[in-house]
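Written below as structure tokens is the structure these notes are about.
Hydrogens, waters and symmetry mates are skipped; everything else that's a heavy atom, side chains included, is used. All ligand and atom numbering here is 1-based and tracks the order in the structure. One-based numbering along the sequence shown.
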Amino acid sequence: MQINAQRVNERLQCLSQFGRTADGGVTRYALSPEEKAATDTVAGWMRQAGLEVRRDAVGNLFGRLAGREDGPALLTGSHLDSVPNGGHYDGPAGVLGALEALESMKEQGLVPTRPIEMVSLMGEEGSRFPHGLMGSSFVTGSFPYEHLQEMTDRQGVRLFDALQAYGANPGDAKSAAVTEGAYSAYVEMHIEQSGLLESRDLPVGIVSGIAGMRQLQGVIRGRAEHAGACPMNLRLDPMPAAAEIILEVERAARESDPATRATVGFVTAKPGAANVIPAEVALSFDIRDLDGDRRDACLERVRRYFDAILKRRGLSGEMVLQHTSTPIRCDAGLVNVMSEAAEALGMEPYQLPSGAVHDGANIAEICPVAMIFLRSRAGLSHCPQEYTSPEDVAAGTLLLAETLWRLSN
Ligand code: GLV
Ligand code: MN
Ligand code: MN
């Protein structure tokens, strides 16, 4: 098996123009013009490569390499959307690695026994609409379809309207769910986003499992008043309550397990002025763990604290669950094949867990899942400094191609 290392890296560089930010990062929200431009560009490369290209009703992009026989296809891919001011590798590396693997097979006249499909999944990050892993939840049929009409982005645009503006067909969203047995396995290549591979001086790793997350939105309501005139003892100020709760989020995760992670990623105050006590503070909660029970215990501790602080301070409010993903173990059979492929290529089959969430967590509902990780410089991700070297992208892509080839035959 061979791949074209230069081509996959040049394409990664090329995609980085779509949504590039002033400090060198990328903002490419789901269903935005920037994401559409990146997706259209990849679709063009897929056609050039001779793949059979199709888009489903919710903006997922598929490309198929036919097999000698029909039957369940192998699925491989990732996503092209990003977090605000994120990095250029989270997602695109896996989409372009998948394309490179398929294109290389075609060029070398390697026809797999069964078909292989690549995919770019819409809205993995949940940065625009408050629902991550969105494209894959349509594929598995688990998306709560009422959210199409109800869910809005921070500008108030409904998901349904965003899909329509994108050129997708939200009225037919249910058609994106695949039939049972359509896929035999899902294999995703992704950057590690943490520092284990770097600390072990390894270019690639094999993912053992993916953490599960719960994301919630909290709202704390107080009373807007004059910041200078209102005495300290007469205030109903939601901001100090938020501060106390945020500290408890950190404590709850630290006192849990090293695999527990809890984050308040954004806080907004209304009306939002230096000289006004806020009427309302909204804050996000993102709580994850490889162990679902431990994650939920951490969340319950935060909830109890939230309720107690609001009560003590005479405030009202609630924490509302917005998105859940289940922790999964990667499939042992796939991990074996991937480990053998790695050894055949002279790579150490080192296994490591993923603290980040990936579409595979959803896709595990319909077929076995495995992932390849690429070394991330300094473990940095979801920031402009995110970086994986061209050599490591090439090593991971070669392992992906070899794994897909072995699995499809
Ligand atoms: C996706 O990057 C996530 O883990 O939130
Ligand atoms: Mn990400
Ligand atoms: Mn990602």
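- Using a distance-only test at 3.5 Å, with no hydrogens or angles considered, a donor-acceptor pair links the side chain of Ser82 to the main chain of Arg28.
- Within the sub-2.8 Å shell of the Mn ion (ligand 2), the protein contributes these N/O/S atoms: Asp90 OD2, Glu125 OE1, Glu125 OE2, His382 NE2.
- Because its NZ or CZ atom is both nearer than 6.0 Å to the ring centre of Phe266 and within 45° of the ring axis, Arg154 counts as a cation-pi partner of that residue.
- The aromatic rings of His323 and His131 sit tilted relative to each other, their planes meeting at an angle between 30° and 60°.
- Closer than 4.0 angstrom to ligand 1 by heavy atom are Glu124, Glu125, Arg288, Ala356, Val357, His382, sorted by chain and number.
- For the pair Arg251 and Tyr305, the distance from NZ or CZ to the six-membered ring centre is under 6.0 Å and the angle to the ring normal is within 45 degrees.
- Side chain of Gln108 to main chain of Ser104: a donor-acceptor pair is present (N/O by atom type, distance under 3.5 Å, no hydrogens or angles).
- With Glu402 contributing its side chain and Leu398 its backbone, the two residues share no donor-acceptor pair below 3.5 Å.
- A tilted orientation is assigned to the rings of His190 and Phe373, their planes being inclined by 30° to 60°.
- For the residue pair Val111 and Ala66, the shortest heavy atom distance occurs at CG1-O, 4.1 Å.
- Side-chain atoms of Asp286 do not come within 3.5 Å of backbone N or O of Gln215 as any donor-acceptor pair.
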